[in-house]
Colleague: 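Handing you a structure now.
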Amino acid sequence: MYTAGQLHRMTYLSTMFITYIICSNVNTVIQRLYVPEIKRKNIFCLVEGLSRDTDDTDIFNILEEIEMKEYKNVFKENMIRIQDVVELTEKDFEKLGVTAIGLQLRLKQACRNHLQAKSEDTSPVLKKFFDLKRERVRIQKTKKIKRHFKPTRRIYCGWKHAVRSDVFKVVTLSKGGGQQIIDVSKDTTYEVLEKQILDLYFPKARSMAQNLKLSDLNHYLASFSGDPLPRSFQNNHEFTVGNYFDHIKTYPVRVYLHTTKKDEDDDNYLPDISSSPGPSKDMESQSLSLSSELEDPQLLPGTSRMFDAVCTDEGSDAEFENAGTPVIFFKKSTQTRLTSTPKPEKNGNKPFLSEDLDGDMQMQEAICASLEMMQQPQHFIDLDLRKWTMNTLKSEEEENVKQLIVVHRRHVLNSALRALDRASFKLEEPFKVEFPGELGADYGGPKREFLSCLMKELANAVLEGEPYNKTFIHSVPLLDKEMFFKAGRMIVWSILHGGPGFPFLNSTLYQLLIEPKDVVYSTDDVIDLDVKNKIQKLQTADEEELNLLSDWMVEQGVYGVVPPYTEQKRDCMARQLLKSHVYLRIHAEIAQFRKGLNTLEFYTIMKSNSEEVRGLFLHMLSNSMVTMQKIKEIIHINYSEDGSNDKRKEEDTMYAFELFLQDCSEDTSEINLNMLLAFWTGAETIPPLGFHRKLEIKFVEDPALLPVAHTCDLLLEISRGETPEEFHRKMELAITCGGEFHLA
């Protein structure tokens with residue numbers, strides 16, 4: 001007698017065999033049936049024998065079609081069939097002698113196409129079988145979930161801080177934030193959960209990385225989208241972790257600690273997170289000599305200002321004026337300030353001099369040096385963009401520039417937006433920058449600093465993602481304010497007036513700006529970690545896992561894909577999801593930004609010279625990235641006469657200077673090359689069109705003075721005869737402790 005289970009299995013196997021007779025397609029049945037491998041071999045041993053000749057013929061035909069007939073014997077000796085090829089790994093191919101990756105891909109794709117063509121016609125019996133199979137899997141999955149029901153829940157935590165009103169920025173690991181994972185009981189209340197997360201980022205109620213006290217901040221817990229966690233639910237249940245999981249029905253669950261500073265209006269930024277420069281320190285910060293600084297690190301009220309302490313050459317008529325910044329000054333001179341004696345060129349070419357000046361060698365040397373200073377190094381910008389700049393920018397004398405931009409140091413972006421909204425504002429006209437409460441005039445340095453800070457604040461306002469690999473924030477309020485259109489205009493404004501580009505975008509977003517049709521999407525471009533994990537899971541999921549993701553895919557707008565889920569269908573679904581989250585989600589932002597970039601027809605130049613202009617928007621490809629070699633190319637050194645004692649001391653200092661550059665470029669110093677350039681010029685990067693002249697180094701005799709920078713004149717004053725160690729210490733002290741005029 002047979003038991004009920006045995007009768008059921010016999011009926012099941014008999015049905016499968018009859019299905020084979022009906023379909024008359026061995027490969028379809030072998031591939032489609034959900035029969036264990038052992039049973040398959042036992043039940044279909046005769047069918048396997050009958051079908052092997054057909055399988056061998058098919059695989060041989062495929063090998064001939066893709067010009068791989070020399071591998072016929074190898075496949076025959078190893079008894080490899082079409083369905084086996086799809087499962088072969090790279091190591092298996094190497095054992096077979098198929099080492100070329102292209103041949104492996106073509107063979108796999110040809111076998112997939114062959115199997116798909118054979119499985120197009122599915123019988124009603126198989127359809128019914130698959131329906132029953134899916135229902136059985138669903139029931140088993142439900143039982144498995146109940147069986148493995150855990151009393152704890154896993155939460156992915158993060159920290160976001162307000163950089164301005166209603167705009168929060170993720171605090172990275174280096175700033176004391178970063179992602180943390182905790183397992184908590186499902187009965188954990190809101191207060192207990194909040195305390196656990198606060199302890200992660202504020203141990204002992206203080207963030208050591210940010211030097212912030214928890215008592216100075218307002219804080220609450222919110223989801224990834226920024227919605228505060230509810231204290232209760234519609235069924236009047238109080239908040240617990242278990243109830244919250246049941247409420248949101250997504251995984252993984254991410255909870256962010258949101259913080260804002262207390263009692264401050266529109267000024268919630270953290271000093272180390274925001275790119276806005278802080279207020280300037282006292283003017284005396286760099287005027288102290290090293291000796292007095294070692295004796296008393298505190299600044300004295302009666303200390304003289306820096307321009308009074310600068311050592312000038314005897315007999316010079318030069319006068320210094322306060323430029324309104326802690327360490328930056330410009331110099332007006334009634335005589336040439338170039339005292340170097342440049343070596344004559346080997347070809348003997350010299351500037352044309354009138355006969356009256358033939359005997360005046362000092363004037364000859366001054367003119368030669370002046371021409372050398374004006375020589376511009378070669379830059380990367382395409383000639384079309386240079387021509388656009390020359391034709392668009394209106395030229396006026398410095399004294400006749402009427403357009404004035406008043407800038408609040410802690411609200412650079414808001415200051416720029418107010419300026420753009422003024423009726424008298426014109427994008428193509430020259431302008432000067434004024435920082436309220438600071439004396440001095442803008443002869444280039446303050447404007448470069450303003451544009452550099454503006455681009456960084458703008459990136460924080462409209463972009464999200466990893467540093468220098470960002471994409472647009474999807475924000476309806478920002479769209480209503482036309483913020484992305486204004487962002488495009490401000491970028492054009494910066495490039496036109498010698499400021500930096502916008503090298504924060506990822507390569508995919510740049511391609512979407514130029515030509516969306518040619519973009520290949522990747523999971524690396526997805527900002528939402530939950531969506532990214534699900535798409536990655538989709539690409540390797542089996543049919544059971546795909547059934548669990550089906551509801552989520554329908555919510556994302558991907559539907560109409562019915563089982564069986566072949567690899568081709570999975571790839572298609574993954575591409576649709578990637579396009580939805582990478583492009584369609586921010587389509588309106590891209591269109592508005594592109595419209596802003598077309599101000600003064602800049603986008604036309606950008607699209608026709610996309611490869612040359614991409615350095616303005618991509619950090620890793622940006623030719624304005626500061627390197628040691630590029631700084632050396634744009635420097636002019638005011639050496640003393642050859643053979644003099646001063647010249648030997650100056651060469652010692654330049655040796656120390658180049659060692660300092662090397663340390664900055666190799667990250668062995670607290671100072672990097674961007675900070676050095678900002679100290680020297682007011683700009684952290686080399687502008688797309690380059691500086692209007694070369695950067696200048698001038699030597700002074702007083703060894704007690706710190707290095708002094710004049711950003712308007714692009715001039716750096718350093719002492720003669722410095723040792724590498726002493727020079728390194730002085731430069732670090734001057735840049736880090738000399739005020740925050742140039743440092744963000």
Side-chain angles (χ1 to χ4, degrees), residues 163-164 167 274-277 381 385 388-389 392-394 403-435 442 446-464 468 470-473 475 477-505 509-510 513 586 589-606 613 615-619 622 624 682-685 687-689 744:
V163 294
R164 58 187 57 82
V167 178
S274 175
S275 62
S276 303
I381 289 297
L385 187 55
W388 168 81
T389 304
T392 305
L393 183 62
K394 294 182 179 180
Q403 190 162 243
L404 179 66
I405 309 298
V406 182
V407 180
H408 193 304
R409 283 199 176 276
R410 290 185 293 129
H411 303 287
V412 176
L413 179 58
N414 289 337
S415 302
L417 291 173
R418 288 179 180 274
L420 264 66
D421 292 336
R422 296 181 68 88
S424 60
F425 177 81
K426 293 184 179 180
L427 204 70
E428 65 276 13
E429 286 190 359
F431 66 95
K432 289 188 176 182
V433 171
E434 178 181 296
F435 295 96
D442 177 14
K447 180 169 69 174
R448 284 191 292 270
E449 180 213 7
F450 160 69
L451 293 175
S452 179
C453 294
L454 174 61
M455 291 298 100
K456 290 190 294 182
E457 278 204 20
L458 184 61
N460 291 334
V462 300
L463 301 178
E464 64 179 351
Y468 301 104
K470 296 177 179 289
T471 187
F472 287 129
I473 296 174
S475 173
L478 291 180
L479 286 171
D480 291 340
K481 296 177 182 178
E482 294 187 329
M483 190 62 193
F484 297 93
F485 169 77
K486 294 176 181 177
R489 291 192 70 203
M490 284 187 278
I491 293 170
V492 176
W493 187 32
S494 176
I495 295 172
L496 181 63
H497 291 274
F502 199 61
F504 307 98
L505 309 184
L509 180 55
Y510 180 77
L513 288 172
I586 57 172
E589 287 82 357
I590 292 175
Q592 198 177 98
F593 184 75
R594 192 186 290 124
K595 183 179 177 182
L597 285 177
N598 204 33
T599 303
L600 303 177
E601 299 182 350
F602 174 80
Y603 181 74
T604 304
I605 302 296
M606 176 179 170
V613 179
L616 297 173
F617 297 90
L618 304 182
H619 179 69
S622 176
S624 61
E684 288 190 349
T685 60
L689 298 177

Colleague: Mind checking whether Asn414 and His408 have side chains closer than 4.5 Å, heavy atoms only?
Modeller: no

Colleague: If you compare all heavy atoms of Ser452 against all heavy atoms of Gly682, which two are closest, and at what distance to 0.1 Å?
Modeller: CB-O, 4.5 Å

Colleague: Supply the atom-to-atom distance Phe485 CZ to Leu478 CG, rounded to the nearest 0.5 angstrom.
Modeller: 15.0 Å

Colleague: Can you find a heavy atom in the side chain of Leu417 that is under 4.5 Å from one in the side chain of Met483?
Modeller: yes

Colleague: Before you tell me yes or no, could you show the steps for Leu505 and Leu463 under side chain to side chain contact (heavy atoms under 4.5 Å, CB included), namely the whole-Å CA-CA distance, both residues' side-chain angles and the distance that decides it to 0.1 Å?
Modeller: CA-CA 8 Å; Leu505 309 184; Leu463 301 178; 3.8 Å; yes

Colleague: Where is the tightest heavy-atom contact between Gln403 and Lys426, given as atom of each residue plus distance?
Modeller: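 Shortest heavy-atom separation between Gln403 and Lys426 comes out as OE1-N, 2.8 Å.
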
Colleague: Should the ring pair His497 and Phe431 be called parallel, tilted or perpendicular, given that the plane angle runs from 0 to 90° and is split at 30 and 60?
Modeller: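 Perpendicular: the ring planes of His497 and Phe431 meet at over 60°.
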
Colleague: Could you measure the distance from the CD1 atom of Ile491 to the CG atom of Leu451? Nearest 0.5 Å is fine.
Modeller: 12.0 Å

Colleague: Could you pull out the closest heavy-atom pair between Leu479 and Glu589, with the gap in Å?
Modeller: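 It is CD1-OE2, 3.5 Å.
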
Colleague: Test salt bridge (Lys or Arg N to Asp or Glu O under 4.0 Å) on Glu482 and Lys595; report intermediate values, then the result.
Modeller: CA-CA 10 Å; Glu482 294 187 329; Lys595 183 179 177 182; 5.5 Å; no

Colleague: Rounded at 0.5 Å granularity, tell me how far CG in Leu496 sits from CZ in Arg489.
Modeller: 12.0 Å

Colleague: For Phe450 and Val433, work out which heavy atoms get closest and say how close.
Modeller: CD2-CG2, 3.8 Å

Colleague: Any sub-3.5 Å donor-acceptor pair from Trp388's side-chain atoms to Leu600's backbone N or O?
Modeller: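 Such a contact is found between Trp388 side chain and Leu600 backbone.
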
Colleague: Which heavy-atom pair separates Leu513 from Phe593 by the least distance, and what is that distance?
Modeller: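 Distance-wise, the nearest heavy atoms are CD2-CD2, 3.6 Å.
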
Colleague: Do the numbers put Lys470 on top of the ring of Phe504, so that NZ or CZ is under 6.0 Å from the six-membered ring centre and no more than 45° off the axis?
Modeller: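 Because its charged atom misses either the 6.0 Å distance or the 45° angle limit, Lys470 does not stack over Phe504.
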
Colleague: Measuring from atom CG of Asn598 to atom CZ of Arg594, what distance do you get when rounded to the nearest 0.5 angstrom?
Modeller: 10.0 Å

Colleague: Do Val613 and Tyr510 have side-chain heavy atoms sitting under 4.5 Å apart?
Modeller: yes

Colleague: Side-chain contact test, heavy atoms from C-beta onward, threshold under 4.5 Å: evaluate it for Val412 versus Lys456 and give yes or no.
Modeller: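 They are not in contact (no side-chain heavy atoms under 4.5 Å apart), so the answer is no.
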
Colleague: Are any of the side-chain heavy atoms of Glu457 and Leu454 separated by less than 4.5 Å?
Modeller: no

Colleague: With side chains defined as the heavy atoms from C-beta onward, is the minimum distance between Val492 and Tyr603 less than 4.5 Å?
Modeller: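 A side-chain contact under 4.5 Å is absent here.
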
Colleague: From Leu618 CG over to Leu509 CG, what is the distance, rounded to the nearest 0.5 angstrom?
Modeller: 9.0 Å

Colleague: Return the OG to CZ distance between Ser415 and Arg410, rounded to the nearest 0.5 Å.
Modeller: 11.0 Å

Colleague: Please find the pair of heavy atoms, one from Ser475 and one from Phe484, that lie closest to each other, and give the distance.
Modeller: O-CE1, 4.4 Å

Colleague: Report the C-alpha separation of Leu413 and Met490 in whole Å, then their side-chain angles, then the decisive distance to 0.1 Å, and conclude whether the side chain to side chain contact (heavy atoms under 4.5 Å, CB included) test is met.
Modeller: CA-CA 10 Å; Leu413 179 58; Met490 284 187 278; 3.7 Å; yes

Colleague: Looking at side-chain heavy atoms only, is the closest gap between Val407 and Lys447 below 4.5 Å?
Modeller: no

Colleague: Measuring only between side-chain heavy atoms, which start at C-beta, is Phe502 closer than 4.5 Å to Ile495?
Modeller: no

